[in-house]
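First up is the structure itself, then whatever we jot down about it.
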Protein chains: 2
Amino acid sequence: MPGRLGRGRPFWWHGKFKGCGYKITAGRDAIIEVLSKADKHLSAEDIYLKVHSVYPGVGLTTVYRTLEILVNVGLVYKFDFGDGRARYELSQDEEGEDHHHHLICKKCNRVIDYSDFIEEEAELLNKTEKGLSKKYNFEITGHLIQFYGLCEKCANRK
Amino acid sequence: MPGRLGRGRPFWWHGKFKGCGYKITAGRDAIIEVLSKADKHLSAEDIYLKVHSVYPGVGLTTVYRTLEILVNVGLVYKFDFGDGRARYELSQDEEGEDHHHHLICKKCNRVIDYSDFIEEEAELLNKTEKGLSKKYNFEITGHLIQFYGLCEKCANRK
DNA sequence: ATATAAATGGAAATGGTTATCATTACTATT
DNA sequence: AATAGTAATGATAACCATTTCCATTTATAT
Ligand SMILES: [Mn+2]
Ligand SMILES: [Mn+2]
Ligand SMILES: [Zn+2]
Ligand SMILES: [Zn+2]
């Protein structure tokens, strides 16, 4: 079979993946590889195209299936930026957590990562989560914060 | 034609609607009516079924089209709670603003509205928005905050 | 009442995501 | 190294919420 991927050294995420009972495969390696090299928020098809160009043996279905697992395991975040397709992003890299939030331009759909104000936000989030947990008996495990508006370019040429 | 909707008195939202150059029609009246009476977060089809049962002359396409306008005008919020269909909610009612955020159960998809902690959140949001606006030259017009986790029932029977 | 542009509904198309299923690749055990 | 059992895979078809099309109707200003 063409496009077989030789297995490399154990990667940082193999532990968590195996720990959840999943097998490490060439396709999955390639998908995470693409995600960790990505500089923007990729759709399933984006990932498929990149992976497929190097390993034609990996199909779109596998990309979707793998992403679902990665999201469930917590290695990947799945976002809806409003353009009709889901976007995926590694929740951490080799160095560790890299939590951030997003600014989304409603005009051109550009997405800006920011983590500048996370500190203060985290503080309030913590407080809010505590209050909500108690009041609604709700076990909070995560949050989503996005700001919408107009990016520099779109605000100018309006 | 059966199911014609007699136009009632001018409604509170007609002003904003007309102001944006849109026409007031029976279908649009009915759609807002359903939204304002709704106690939960309705999908386009939910709305269609309710409207259609009273005014069979209103089609699903019109529901989608009207919702899009309402969202653009700012009278309705469109949410993605992760179950594959968009959910809609009036951004305000006759009394005025009714801004709140959501708790979403990842197991059963139940959605809880909360506005208890909005005050404090608003304060921080304001601060954050100011900072972000300046740093990224981004004109912020809105935000989305959602907490994910397990609702009382789902947390117990796990 | 008339004119004009906007709104409408039904049917068909779209397109991202899932389900199916026969085949293949891991992994542990002999 | 061969075997068995199970998980993973890819190609294709199905799914289904949302859009597009287009001929017809309607709202609104004159
Ligand atoms: Mn990001
Ligand atoms: Mn709500
Ligand atoms: Zn923009
Ligand atoms: Zn639940």
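Throughout, protein chains are lettered first and strands after them, A, B, ... in sequence-line order, and every chain is numbered starting at 1.
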Could you write out each protein N or O paired with an N or O of nucleotides 11-14 of chain D at a distance under 3.5 Å?
none

Would you please name every residue forming a salt bridge (charged side-chain N to carboxylate O under 4.0 Å, His left out) with B:K23, sequence neighbours left out? none

Across all chains, not counting sequence neighbours, the side-chain contact (heavy atoms from CB on, under 4.5 Å) partners of A:K78 are A:V71, A:A86, A:Y88

Taking side-chain hydrogen bond (donor to acceptor under 3.5 Å, both in side chains) as the definition, give me every residue that meets it alongside A:Y148, ordered by chain and number, with sequence neighbours left out. A:Q146

Ring pair (Phe, Tyr, Trp, His ring centres under 6.0 Å) against B:H100, all qualifying residues, sequence neighbours excluded: B:H102

Residue set satisfying side-chain contact (heavy atoms from CB on, under 4.5 Å) with B:H101, at least two apart, ordered chain then number -> B:H99, B:Y114, B:I118, B:E121, B:L125, B:H143, B:I145

Any ion pair linking B:K127 and B:E123 (charged N to carboxylate O, less than 4.0 Å)? no

Separation of C:dT18 atom C1' from A:L67 atom CG, nearest Å, is 14 Å

For A:S43, give me all partners under side-chain hydrogen bond (donor to acceptor under 3.5 Å, both in side chains), at least two apart in sequence or on another chain. A:D46

Close approaches to DNA chain D from residues 15-23 of chain A, in residue order (heavy atom, under 4.0 Å): A:Y22, A:K23

In terms of the angle between their ring planes, are B:F17 and B:W13 parallel, tilted or perpendicular, with boundaries placed at 30° and 60°? perpendicular

side-chain contact (heavy atoms from CB on, under 4.5 Å) filter on B:D83, not counting sequence neighbours, yields B:R85, B:R87, B:N109

A:Y64 has a side chain; which of C:dG16, D:dA17, C:dT8 sits nearest to it? C:dG16

Could you tell me which residues satisfy side-chain contact (heavy atoms from CB on, under 4.5 Å) with B:V73, sequence neighbours excluded, listed by chain and number? B:K16, B:C20, B:Y22, B:I69, B:L75

Whole-Å distance separating the CZ atom of A:R28 from the C1' atom of D:dA8: 6 Å

Identify, residue by residue, the members of residues 82-91 of chain B with a heavy atom below 4.0 Å from DNA chain D, and return them in order of residue number, or none. B:G84, B:R85, B:A86

Quickly work out the B:I47 CD1 to D:dT18 P distance and round it to whole Å. 10 Å

Starting at CD1 of B:I69 and ending at P of D:dT18, how long is that distance when rounded to a whole Å? 16 Å

Within this structure, what is the OH-to-P distance between A:Y55 and D:dT9, rounded to whole angstrom? 14 Å

Who are the salt bridge (charged side-chain N to carboxylate O under 4.0 Å, His left out) partners of A:D116, not counting sequence neighbours? B:K135

